[in-house]
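Since the structure is predicted, the reported quantities are computational estimates derived from the model, not experimental observations. So that the names make sense, note that chain A is the first sequence line, chain B the second, and so on, each numbered from 1. What's counted below: heavy atoms across the whole structure, side chains too, no hydrogens, waters or symmetry copies.
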2 protein chains.
Amino acid sequence: MNIKSKFWITLDGEKVFGKGPCTLLKMVEKLGSLNKAAKELNMSYSKAWGIINRAERLLGYSLLETKTGGTGGGGSYLTDKAKILIKDYDLFSNEARISLEGIFKKYFKGL
Amino acid sequence: MNIKSKFWITLDGEKVFGKGPCTLLKMVEKLGSLNKAAKELNMSYSKAWGIINRAERLLGYSLLETKTGGTGGGGSYLTDKAKILIKDYDLFSNEARISLEGIFKKYFKGL
DNA sequence: TAGCGTTGTATTAATAAAAATATAATGATA
DNA sequence: TATCATTATATTTTTATTAATACAACGCTA
């Protein structure tokens with residue numbers, strides 16, 4: 001018996017950021033391209049684009065700086081705000097997961 | 001900006017119990033009928049039944065004692081194990097929610 | 001024994017989510 | 001100027017989830 005959890009940031013009750021966007025942004029940071037990141041995560045480009053677009057719209061600021069055309073066709077790079085966001089989200093979610101497991105054991109130990 | 005979370009109990013990686021089943025069980029306890037509980041929660045009976053059936057199957061013990069026929073058509077009543085489960089889950093989830101909010105503020109204060 | 005509101009299923013319909021596809025625009029390079 | 005991989009989007013198709021419906025069995029009561 002174990003506990004599993006999900007957390008996401010909301011604004012006016014709407015989901016604006018969570019694990020999915022975070023994973024995607026990290027992959028973009030690594031590969032320099034939203035298209036490549038989507039492929040790597042077995043996700044359609046349109047879905048990946050939708051995730052970023054929605055998050056940016058709701059957050060009110062840009063997460064990706066995009067370049068289209070040119071050598072390699074272009075690419076996508078994280079804005080400073082995106083870097084801060086994924087860092088804070090990571091710290092938060094790790095600490096949250098550990099805390100939750102502790103509380104879970106307190107009430108469901110032995111089961 | 002706020003945090004929202006979901007947690008559920010798993011067994012061998014499979015979701016076996018969470019907020020949905022917990023809410024449903026409480027309503028059954030209150031109304032004495034799975035059918036009435038489903039209506040009260042704007043849920044089809046078949047869905048409600050599926051939730052309970054799945055949880056019981058995976059947990060390996062009964063959550064509801066059911067009676068069919070007779071005055072009022074029958075009804076459903078919580079087993080002792082179900083009562084313990086919802087009590088522990090409630091204690092756990094309340095404490096978890098409070099802890100999570102604290103951690104969230106630590107990393108996203110001001111935003 | 002007829003009627004009632006349940007439980008327990010199976011089957012079908014409706015809705016939502018996800019994925020796939022298509023297409024235009026971009027701009028460095030050869 | 002032709003090529004290329006990308007972004008940005010709209011549209012369509014597929015898949016998955018959820019809900020609705022239907023119906024037999026049950027057993028108390030009148």
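Follow the hydrophobic side-chain contacts under 4.5 Å out from A:Trp8 and you never reach A:Leu100; the two are in separate clusters.
Side-chain nitrogen and oxygen atoms of B:Thr66 include at least one within less than 4.0 Å of the OP1 or OP2 phosphate oxygen of C:dG8.
Partners of A:Lys4 under the salt bridge (Lys or Arg N to Asp or Glu O under 4.0 Å) rule, at least two apart in sequence or in another chain, do not exist in this structure. The ring pair (Phe, Tyr, Trp, His ring centres under 6.0 Å) test applied to A:Phe92 returns A:Phe7, B:Phe104, not counting sequence neighbours.
The backbone N or O of A:Lys19 sits less than 3.5 Å from a side-chain atom of A:Thr23, completing a donor-acceptor pair. Within the 3.5 Å criterion, the main-chain N or O of B:Glu95 finds no donor-acceptor partner in the side chain of B:Ser99.
The distance between atom CH2 of B:Trp49 and atom P of D:dT18, rounded to the nearest whole Å, is 17 Å. If you measure from atom OH of B:Tyr45 to atom P of D:dC23, you get 17 Å, rounded to the nearest angstrom. One can place CD of A:Glu56 at 12 Å from P of D:dT7, the figure rounded to the nearest angstrom.
Pairs engaging residues 59-77 of chain B under the side chain to side chain donor-acceptor pair (under 3.5 Å) rule: none recorded [sequence neighbours left out].
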- Query: So B:Arg54 and B:Glu14, salt bridge (charged side-chain N to carboxylate O under 4.0 Å, His left out) or not? Walk me through it.
  - Reply: CA-CA 11 Å; B:Arg54 175 192 167 82; B:Glu14 271 206 278; 3.5 Å; yes
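B:Leu25 has its side chain within reach of B:Leu64: a pair of non-hydrogen atoms, C-beta onward, lies under 4.5 Å apart. Under the 4.5 Å side-chain criterion, counting only non-hydrogen atoms from C-beta, A:Lys81 is not in contact with A:Leu63. Here the side chains of A:Ile3 and A:Lys105 are not in contact, with every heavy-atom distance at 4.5 Å or above.
Looking at the side chain of A:Ser76, the nearest of the listed nucleotides C:dT9, D:dT7, D:dT9 is D:dT7.
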Please enumerate all protein N or O atoms sitting under 3.5 Å from an N or O of nucleotides 16-19 of chain C, with distances to 0.1 Å.
from, atom 1, to, atom 2, distance (Å)
C:dA19, OP2, A:Lys47, NZ, 3.2

Nucleotides 26-30 of chain D: which of its N/O atoms have a protein N/O under 3.5 Å away?
from, atom 1, to, atom 2, distance (Å)
D:dC26, O2, B:Thr68, OG1, 3.1
D:dC26, O2, B:Gly69, N, 2.9
D:dG27, O4', B:Gly70, N, 3.3
D:dG27, N2, B:Gly70, O, 3.3
D:dG27, N3, B:Gly70, N, 2.7
D:dC28, O3', B:Thr71, OG1, 2.8

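For the contact set between residues 26-40 of chain B and DNA chain C, defined by any heavy atom under 4.0 Å, the members are B:Ser33, B:Leu34, B:Asn35, B:Lys36.
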